[in-house]
Enquirer: 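Sending over a structure as structure tokens; questions will come in a sec.
Below, chains carry the letters A, B, ... as their sequence lines are ordered, and counting in each starts from 1.
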Number of protein chains: 4
Amino acid sequence: MHQSARSPKGRPGRPRSVETDHAILDATRAALVDVGWGGLTMGEVAARAGVAKTTLYRRWANKSELVVDAVAVLFDELELPDRGCLQSDIEGVVLQFGALLARPETKTALMAVVAESTTDDALRERIRSAIVDRQKRLVLLGRSRAQARGELPPDAGGPEGEEAAECTVGLIFDVIAGAVVHRLLVSAEPVDADWARQFTTLLLAGLAGLKP
Amino acid sequence: MHQSARSPKGRPGRPRSVETDHAILDATRAALVDVGWGGLTMGEVAARAGVAKTTLYRRWANKSELVVDAVAVLFDELELPDRGCLQSDIEGVVLQFGALLARPETKTALMAVVAESTTDDALRERIRSAIVDRQKRLVLLGRSRAQARGELPPDAGGPEGEEAAECTVGLIFDVIAGAVVHRLLVSAEPVDADWARQFTTLLLAGLAGLKP
Amino acid sequence: MHQSARSPKGRPGRPRSVETDHAILDATRAALVDVGWGGLTMGEVAARAGVAKTTLYRRWANKSELVVDAVAVLFDELELPDRGCLQSDIEGVVLQFGALLARPETKTALMAVVAESTTDDALRERIRSAIVDRQKRLVLLGRSRAQARGELPPDAGGPEGEEAAECTVGLIFDVIAGAVVHRLLVSAEPVDADWARQFTTLLLAGLAGLKP
Amino acid sequence: MHQSARSPKGRPGRPRSVETDHAILDATRAALVDVGWGGLTMGEVAARAGVAKTTLYRRWANKSELVVDAVAVLFDELELPDRGCLQSDIEGVVLQFGALLARPETKTALMAVVAESTTDDALRERIRSAIVDRQKRLVLLGRSRAQARGELPPDAGGPEGEEAAECTVGLIFDVIAGAVVHRLLVSAEPVDADWARQFTTLLLAGLAGLKP
DNA sequence: TCGTAACCGAGACGGTACGTCTCGTCTTGGA
DNA sequence: TCCAAGACGAGACGTACCGTCTCGGTTACGA
């Protein structure tokens, strides 16, 4: 998770409290809702969690890392619904992602830690491993499900085919996540069913035109 | 520009120095490069600009607004190159945008003010008017140029056609800007000629499939 | 006084508030009475003085220096009463000194800063110049007054006579101050008229036996 | 000694380690030399002694009590040399006391605990019983030895004579200890043979003039 | 010989104060 | 009226110790 795997056996001294861990992460999300990233302070989180500041710093080096861990779990709620066809599946996940990003703790926190990560490589890596890479599973799952349905051709064999597929996954991910984030946070307009349909149509048509 | 239109005529007292304005904005960008958004302080900017803090606060209410103005001008450098066909034109603008976002003062500042704007509506409006809306011109210009070349059909007449076109402009803008930003800042991978070509291909194929 | 003489003329910027100086020193003494040296915190002093902590640290580098300045002024209240004969004059000053050291802010602060000064030369020097050396005037005044009365012989001429006199002043000062402090703070017994008389008798007899 | 007499018999459970006791007191003195009273922490002492903080707190309630015990033993090294006459004997003990107070662990600790004791009666009592009262033996021994030599008259009989003698012992003790401490720690000048001779001369002449 | 009670190390824990930093406002004096 | 310099009240920062607690494990007595 955060600091270290810390072998459950043999570690001398009093072990860290797991309830404390949860209390802190819960308090972090609650505080984000109330005061936003800018108003979030370690002292406030500690007070809400009924915990000493020291206890926070023992686990996380700074605000950014704490918030990444606090928010990461929210993204794990995302899942690919099985609505019968690829278009519907993607629309479903786009709407879910939109709904997630509309929550105040998510939107304010996500952009802030991304901003912070532009000058902090360790933080970027943490964001990647805790949030971004975990959600690529959705793209992979969608593809394999569509292949099973016959909506997409099976992966090309051979190493160069694999590499191309890998590359396309990254592109799709950037397009989906980027478009949703940009519409919500920069353009400040809602991600509703209409927009999801229009966007997904564009994406699938684009993908169809990409390969040959 | 920033605080007030302040009529050039008739204002009593000593007028504000225009060199001071520029010195402050330059110092802001320079400081952003060195210390990032998180490390940027009004005092630091004032010191770099050889100016008193009071002078900053007389012009901008806070750090965010100052940074928006400091960064906005960079985005005006973007232009749509005329490379002869729509695909090339878009690739060119994507590469320009990627290069702009790769500059440290741009990427750190842009995400930070967007994050801040999630809890500050006035700031969001300022970002929109100073940065985002000004760049939609690129999409509009690209479309009309492509129409002139015959690569795209002319706009549908009538009000519903106009509305649909307006809506598509927003979608395209979100997809382009979102994908580039996400690739650079979240996925942390470069926006190079290969990626630009692949992305543009996807986009144009998607657009072709969107209309009918 | 404390930080610097700071030329009253020409210093740019807002000058420091003199009322603030006094409020802080008053608050320091009041807090010493209530909570003692060990319980004294910079934050508490600041709060009592209605002042920000920053304002304290702008003037004094730490608790010890602040307390030395706060307490020093109390010692200036001491004076040599003119009761007609040397014995009575000394008894008077001994009783005054005893009364001063019986005040809670004085006794707790004085020993604490002396203790701190054993590992801080700058602090020792500050104590010396702000407190100790200023009180040697009492010994000198007492001697000259006694000489005027004919109770003591005039100073021996010549440099070696002067040096011996100087040396004796130091001895007398150490004996008086040391005995009073030790009785009050270590032996924890009162400095009353009886004790003052007995002690002064010993001192004067000793001095009479010292010279020849 | 410190916490309890703890009957050597019958106490169930593992007995406390005596080496640990010594290691802690040694570590306390060593740490005092290095960092002084202000910088002394229980954690530091524990670390130096190779012991857990818990182990310290099982034995002493706080820093002051620990330091009193750590330093007290040093004062037991003092003894009254037999140099043949009272003046020489006193000079000898004054020099010894001066040398003891010149050691860094002694001077920093002694003043600090005295300062602390001004707001802590239990501590003052501990200092008295562990340090001060034990050294009055030197004054008593000196007096009886001088009486045996015929340098001083025998004690006056009767209860009022006894009381007066008792009172004089306190006065002498305060004068000697106070003067030495003051010279070393406040005046910051050395206690050397010259000063010891001058001071002792004053003291004995004073005593001679005190009685009749 | 075996329990049991107190010992011991390590370190987590809720607190408190530290001294520093930045904020945004204010008060000077000079231009 | 503007500007620079810098004092000011406010409050968060991250650190250091405090004294207490919970661990797992050790040591010596006495039943």
Enquirer: Sequence neighbours left out, what passes side-chain hydrogen bond (donor to acceptor under 3.5 Å, both in side chains) with T28(C)? Give chain and number order.
Expert: none
Enquirer: What is the separation between atom CD on E19(A) and atom C1' on dG14(E), rounded to the nearest whole Å?
Expert: 16 Å
Enquirer: Starting at atom OH of Y57(D), determine the distance to atom C1' of dG11(E), rounded to an integer number of angstrom.
Expert: 14 Å
Enquirer: Roughly, in whole Å, what's the span from CG in N62(C) to C1' in dA17(E)?
Expert: 14 Å
Enquirer: Rounding to an integer number of Å, can you tell me how far D21(B) CG sits from dC2(F) P?
Expert: 13 Å
Enquirer: Mind checking side chain to side chain contact (heavy atoms under 4.5 Å, CB included) for R29(D) and listing every partner two or more places apart, or none if nothing turns up?
Expert: L25(D), D26(D), A70(D), V73(D), L74(D)
Enquirer: Report the distance from atom CG of L56(C) to atom NZ of K63(C), rounding to the nearest 0.5 Å.
Expert: 12.5 Å
Enquirer: Quick check on DNA chain E: between K53(D) and T41(C), whose nearest nucleotide comes earlier from the 5' end?
Expert: K53(D)
Enquirer: Please report the shortest heavy-atom distance between L32(A) and A109(A), naming the atom on each side.
Expert: CD1-CB, 3.7 Å
Enquirer: Just how far, in rounded Å, is P of dA10(E) from CG of L56(D)?
Expert: 13 Å
Enquirer: Mind listing the residues from residues 105-116 of chain D sitting with a heavy atom below 4.0 Å of DNA chain F? Number order is fine.
Expert: none
Enquirer: Return the set of residues passing side chain to side chain contact (heavy atoms under 4.5 Å, CB included) with V33(B) (not counting sequence neighbours), or none when no residue passes.
Expert: P104(B), E105(B)
Enquirer: Nearest whole angstrom, please: distance from the P of dG19(F) to the CG of L66(D).
Expert: 11 Å
Enquirer: Roughly, in whole Å, what's the span from CD in E65(D) to P in dC18(F)?
Expert: 15 Å
Enquirer: With nearest nucleotide decided by heavy atoms, which residue, G43(C) or E44(B), maps closer to the 5′ end of DNA chain E?
Expert: G43(C)
Enquirer: Could you write nucleotides 2-9 of chain E as a row of B, S and -, 5' to 3', where a protein heavy atom under 4.0 Å of any base atom gives B, of only sugar-phosphate atoms gives S, and otherwise -?
Expert: ---BBBBB
Enquirer: Could you work out, with salt bridge (charged side-chain N to carboxylate O under 4.0 Å, His left out) as the rule, every residue matching R48(B), not counting sequence neighbours?
Expert: D34(B), E44(B)
Enquirer: Please identify each residue that fulfils side chain to side chain contact (heavy atoms under 4.5 Å, CB included) with A23(D), with sequence neighbours left out.
Expert: A49(D)
Enquirer: T54(C): what forms a side chain to side chain contact (heavy atoms under 4.5 Å, CB included) with it, not counting sequence neighbours?
Expert: A52(C), R58(C)
Enquirer: Between dC23(E) atom C1' and L40(B) atom CG, what is the distance in whole Å?
Expert: 13 Å
Enquirer: Could you tell me which residues satisfy side-chain hydrogen bond (donor to acceptor under 3.5 Å, both in side chains) with T106(D), sequence neighbours excluded, listed by chain and number?
Expert: none
